[in-house]
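First the structure, in the form of structure tokens, and then the observations on it.
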Protein chains: 2
Amino acid sequence: MAQRDGAGRAPLSRDRVLRAAVVLADRAGLEALSMRSLAQELGVVPMALYKHVANKEQLLDGMVDAVVAEIEPPADDADWRTVVRGCVLSARRALLRHPWAVRVIETRSSPTPGVLAHLDSVVGTFRAGGFSVDLTHHVMHALGSRVWGFTQEVFPSPPPPDPEARTAALRELSGRYPHIAEIVLRGGGHEDASVVGRGCDDQFEFEFALDLLLDGFERLRAQGWSSAARSAGESRAQGA
Amino acid sequence: MAQRDGAGRAPLSRDRVLRAAVVLADRAGLEALSMRSLAQELGVVPMALYKHVANKEQLLDGMVDAVVAEIEPPADDADWRTVVRGCVLSARRALLRHPWAVRVIETRSSPTPGVLAHLDSVVGTFRAGGFSVDLTHHVMHALGSRVWGFTQEVFPSPPPPDPEARTAALRELSGRYPHIAEIVLRGGGHEDASVVGRGCDDQFEFEFALDLLLDGFERLRAQGWSSAARSAGESRAQGA
DNA sequence: ACCTGAACACCGTTCAAGT
DNA sequence: ACCTGAACACCGTTCAAGT
């Protein structure tokens, strides 16, 4: 009865389908995940999957929640800032473990239950920390995708490792986009291939922006900021 | 000679292909844009497109640059903050005109020339405004996707307009995700379907976060911040 | 030399035929 | 009643055959 070919498989279940999908996406990439390839991985016929997930979109929804479930619950004995920071960095670690997850989260048309639960807990932390509903609302928007521990990178990737190609690439960059080149060269001025263009420290950049925002949040909270005064040009003066 | 069927078409060109692709994506959505549907739109056989774009990825690259070309050049007679703000909001307007563009930018594996040119001009504005190369670097990362005028939204979409379904949805939300519900209800306390859950003012939220970051940037610039001091836990004290 | 239709190797999903 | 193989309506792209 049931599936029992090859290596004596347990019967299919929604959970087993989702876990296999996560493993497959981790190993082979998102573009290699199809209903057909996943079925083959599980040793079943493609249509058997449709007993456990309505369609591919719902499969992806389930995969997102599986990743979100890896986020550690916050230690709630600290101040709001420490707790939020911990939550966000834990989310970031979960998403770094599954590089495809960011792309899948971005393409969901509506948030999954796991995603809502995570959001709710972060909102609750702000509220408990003395943020008004109003300020909490805007602050959550300001965090944006950073609540998930990611930001899409828009910077060019580091130059090629081959010294000759690298020097040529940097020279071209300097000619066409001088200001970007200056950053890639980090003000050192040397075009020496061995020391420059070492790429960016993603973790540092993430925490830099996160802390800048958290600092701003704390300032607004302390001064009792409210959006009630919002009108023409008012927002410019918010931090003054 | 050339294509001259039906309504007497001009000969194909890379530019005509790209413009048709943008129009098609605007009208029918990104998922309706295929090499086949685009060819049909242009009254040619699918393979004819491959004379002007190497493959679909390159077609999408070209479409991104077509949208980026709509960003207005900054008025450079103002202070850095006004110029950057203007650039970013102009980029935002261009992307709002082509709702598919955000998704396409996010999936590009490397930045296109138009994208690099936009980045370069923003970097140049910071530099001219007295930012060090070092600070400019981190500040660009902190802006992240906001340089493009967008942030992915992670908040749930507004509740359904039908009063009865709306009340039910809100009641469920309150039970499961009380903190999110509080924000949706905006602290008013009333569950009256007509006044609550009016959704978010995207433009306000965008500018709120943008100005918070710009305020932070100005503070760091004024105090001569440098990443040189970065080490264990140092980043937390950046705004102090 | 140029163009292009048929074909290839895929998709997600429907549906009717088989047990 | 249950399961599933074949089929449908698509993809992007290759390639050889036709002019």
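Sequence lines set the chain letters: A, B, ... in the order given, protein chains first and strands last, and positions in each chain run from 1. Remember, predicted model here, so these are calculated numbers, not experimental data.
Residue Leu49(B) contributes atom CG, which lies 14 Å from atom P of dC3(C) at whole-angstrom precision.
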* Could you please spell out the steps behind the salt bridge (Lys or Arg N to Asp or Glu O under 4.0 Å) verdict for Asp211(B) and Arg85(B)? => CA-CA 8 Å; Asp211(B) 288 321; Arg85(B) 207 171 187 280; 2.9 Å; yes
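With both ends at atom C1', the span from dT13(D) to dT13(C) equals 23 Å, rounded to whole Å.
When the side-chain hydrogen bond (donor to acceptor under 3.5 Å, both in side chains) test is applied to Arg36(A), no partner is found at least two apart in sequence or on another chain. Thr112(A) is linked by a side-chain hydrogen bond (donor to acceptor under 3.5 Å, both in side chains) to Asp65(A), counting only residues two or more places apart in sequence or in another chain. With sequence neighbours excluded, no residue forms a salt bridge (Lys or Arg N to Asp or Glu O under 4.0 Å) with Arg103(A).
Ring pair His138(B)/Phe204(A) is perpendicular by interplanar angle, where above 60° counts as perpendicular and below 30° as parallel.
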* Nucleotide-level pairing of DNA chain C, given in dot-bracket where Watson-Crick and G-U pairs need both distances under 3.5 Å and | marks other strands -> ||.|||||...|||||.||
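Counting only heavy atoms from C-beta outward, the side chains of Val67(A) and Trp100(A) approach each other to under 4.5 Å.
For the ring pair (Phe, Tyr, Trp, His ring centres under 6.0 Å) condition, no pair includes a residue of residues 27-46 of chain B, sequence neighbours left out.
In this structure, Arg108(A) contributes its side chain and Glu57(A) its backbone to a donor-acceptor pair below 3.5 Å.
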* Could you encode protein contacts along nucleotides 8-19 of chain C as a string, one character per nucleotide from 5' to 3', using B for base contact, S for sugar-phosphate-only contact and - for no contact, with a heavy-atom cut-off of under 4.0 Å? => ---BBBBB----
